[in-house]
There are 2 protein chains.
Amino acid sequence: MKYSKQKDEILKLMRSGKLDHPRAADVYVAMKKILPDIGIATVYRNLNSLADAGLIRRIAMPGEADIFDHRLDAHHHAVCEKCGKVFDFYFDRDGEISAMLKDTIGFEASEISCCARGRCAACR
Amino acid sequence: MKYSKQKDEILKLMRSGKLDHPRAADVYVAMKKILPDIGIATVYRNLNSLADAGLIRRIAMPGEADIFDHRLDAHHHAVCEKCGKVFDFYFDRDGEISAMLKDTIGFEASEISCCARGRCAACR
DNA sequence: TTAATAATGATAATGATTCTCGGATAGATG
DNA sequence: CATCTATCCGAGAATCATTATCATTATTAA
């Protein structure tokens with residue numbers, strides 16, 4: 001992976017935590033203020049390569065655009081159907097599910113993602 | 001909801017269980033054999049209205065096309081990253097997750113979906 | 001400095017899904 | 001039965017997220 005200021009700035013932006021569960025388009029908008037000539041393809045490319053390198057995570061959300069997360073620990077997501085905000089939550093039964101899948105159907109899980117949808121506190 | 005032979009045939013096809021976790025495109029291909037003049041928009045429209053009516057379920061799969069399920073009971077899905085096959089599995093901790101979300105962040109979950117990805121028995 | 005390689009930005013292409021349209025049809029009413 | 005109207009249909013355009021292509025530029029190792 002070769003250095004580029006685009007990649008560097010994207011990683012810094014992600015790590016800053018200024019963006020909350022941003023989609024690629026959100027990162028693009030924020031990056032435009034830092035590097036006005038950046039293209040959307042470069043944003044996608046770099047988010048993908050940073051994710052491949054394990055420096056950030058790309059998370060597929062059912063029915064919505066993927067989000068990118070600077071947090072690397074195992075956690076799940078709850079999405080408010082009204083405001084769209086994404087909340088992190090912990091639920092450490094991944095091992096239990098993996099074991100069950102292995103025992104019952106011989107399925108070797110590499111990743112387990114739980115996604116809750118509903119209404120957040122503010123929207124109720 | 002008005003009757004139409006397209007909707008009727010789509011529901012029959014779904015209920016027959018001949019299709020395994022089909023995407024809209026799969027339903028379209030199968031329906032072409034039954035009603036050769038059917039259009040893809042009609043397939044989407046009817047799958048959506050049948051899902052709205054609670055007769056089938058539309059399930060968003062992270063990173064992939066939505067699938068439609070004739071099974072109405074609560075279950076989760078495991079997707080093989082190699083062959084793409086989708087497996088059903090049960091894991092009745094939904095209530096536990098709901099309660100935790102409610103207690104910790106005041107989030108009222110209406111649906112919880114867990115999606116495992118990895119390798120199925122046949123692909124290992 | 002140079003040559004090889006990988007990254008860039010613009011834009012075209014893709015895939016899934018929805019929207020729009022004029023025309024057809026189901027089902028209620030007279 | 002005749003008619004009316006809401007809903008549905010099929011075709012194709014439009015949308016959205018994402019990836020691919022390509023000519024140009026920047027990085028890096030020699």
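In what follows, every chain begins at residue 1, and chains take the letters A, B, ... in the order their sequences are listed. Since this is a predicted model, take the numbers as computed values, not measurements.
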*Asks:* With sequence neighbours left out, what residues match A:Arg93 under side chain to side chain donor-acceptor pair (under 3.5 Å)?
*Replies:*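 Counting only residues at least two positions away or on another chain, A:Arg93 forms a side chain to side chain donor-acceptor pair (under 3.5 Å) with A:Glu96, B:Glu96.
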*Asks:* Which atom pairs, one a donor and one an acceptor, fall under 3.5 Å between side chains of residues 1-13 of chain A and the rest of the protein, sequence neighbours left out?
*Replies:*
| from | atom 1 | to | atom 2 | distance (Å) |
| --- | --- | --- | --- | --- |
| A:Ser4 | OG | A:Lys7 | N | 3.1 |
| A:Lys7 | NZ | A:Lys2 | O | 3.2 |

*Asks:* Does anything in residues 8-24 of chain B come within less than 4.0 Å of DNA chain D? Heavy atoms only, and list the residues if so.
*Replies:* none
*Asks:* Given atom CG of B:Asp37 and atom C1' of C:dT25, what is their separation to the nearest angstrom?
*Replies:* 15 Å
*Asks:* Please report the distance, rounded to the nearest Å, between CD in A:Glu64 and C1' in D:dC16.
*Replies:*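 Answer to the nearest Å: 13 Å.
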*Asks:* Donor-acceptor check, side chain of B:His21 to backbone of B:Leu19, threshold 3.5 angstrom: yes or no?
*Replies:*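 Looks like no, no N/O pair under 3.5 Å.
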*Asks:* Pull out every residue in residues 48-63 of chain A that has a heavy atom closer than 4.0 Å to any atom of DNA chain D, ordered by number, or say none.
*Replies:* A:Asn48, A:Arg58
*Asks:* With a cut-off of less than 4.0 Å, is there a side-chain N or O of B:Gln6 near OP1 or OP2 of D:dG10?
*Replies:* yes
*Asks:* Output the rounded distance in Å from CD1 (B:Ile38) to C1' (D:dC8).
*Replies:*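 Distance check: B:Ile38 CD1 to D:dC8 C1' gives 11 Å.
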*Asks:* Thinking salt bridges, do A:Arg124 and B:Glu108 make one under a 4.0 Å N-O criterion?
*Replies:*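 Judged by the 4.0 Å cut-off on N to carboxylate O distance, A:Arg124 and B:Glu108 do form a salt bridge.
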*Asks:* Other members of the hydrophobic cluster containing A:Ile105, with the 4.5 Å side-chain heavy-atom rule, please.
*Replies:* A:Phe87, A:Phe89, A:Phe91, A:Ile97, A:Met100, A:Leu101, A:Phe107, A:Ile112, B:Phe87, B:Phe89, B:Phe91, B:Ile97, B:Met100, B:Leu101, B:Ile105, B:Phe107, B:Ile112
*Asks:* Whole angstrom is fine here: how far is it from CG in B:Asp66 over to C1' in C:dT17?
*Replies:* 9 Å
*Asks:* Please tabulate, for the side chains in residues 31-40 of chain A, all donor-acceptor contacts under 3.5 angstrom to protein atoms that are two or more places apart in sequence or on a different chain.
*Replies:*
| from | atom 1 | to | atom 2 | distance (Å) |
| --- | --- | --- | --- | --- |
| A:Lys32 | NZ | A:Pro36 | O | 2.9 |
| A:Lys32 | NZ | A:Ile38 | O | 3.2 |

*Asks:* With a cutoff of under 4.5 Å between side-chain heavy atoms, which Ile, Leu, Val, Met, Phe, Trp and Tyr residues group with B:Val29?
*Replies:*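 Listed partners: none, B:Val29 stands alone.
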*Asks:* D:dT19 phosphate, OP1 or OP2: any side-chain N/O from A:Tyr44 under 4.0 angstrom?
*Replies:*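 False: A:Tyr44 side-chain N/O out of range (4.0 Å or more) of D:dT19 OP1/OP2.
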*Asks:* If I take atom OH in residue A:Tyr28 and atom P in nucleotide C:dT11, what distance separates them, rounded to the nearest angstrom?
*Replies:*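 Taking OH of A:Tyr28 and P of C:dT11, I get 11 Å after rounding.
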*Asks:* Only counting residues at least two apart or in another chain, list the ones meeting side chain to side chain donor-acceptor pair (under 3.5 Å) with A:Asp52.
*Replies:* none
*Asks:* Hey, could you give me each pair passing ring-ring contact (aromatic ring centres under 6.0 Å, His included) that has a residue in residues 28-57 of chain B? Not counting sequence neighbours.
*Replies:* none
*Asks:* Rounding to a whole Å, what distance do you find between A:Ile40:CD1 and D:dT19:C1'?
*Replies:* 12 Å
*Asks:* With sequence neighbours excluded, what pairs up with A:Glu111 under the salt bridge (Lys or Arg N to Asp or Glu O under 4.0 Å) test?
*Replies:* none
*Asks:* B:Asp66: what forms a salt bridge (Lys or Arg N to Asp or Glu O under 4.0 Å) with it, not counting sequence neighbours?
*Replies:* B:Arg58
*Asks:* Which letter, B, S or -, goes with each nucleotide of nucleotides 21-30 of chain D from 5' to 3', with contact meaning a protein heavy atom under 4.0 Å?
*Replies:* B-----BS--
*Asks:* Calculate the interatomic distance between B:Lys7 atom NZ and D:dT7 atom C1'; express it in whole Å.
*Replies:*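 So the two atoms are 8 Å apart, to the nearest Å.
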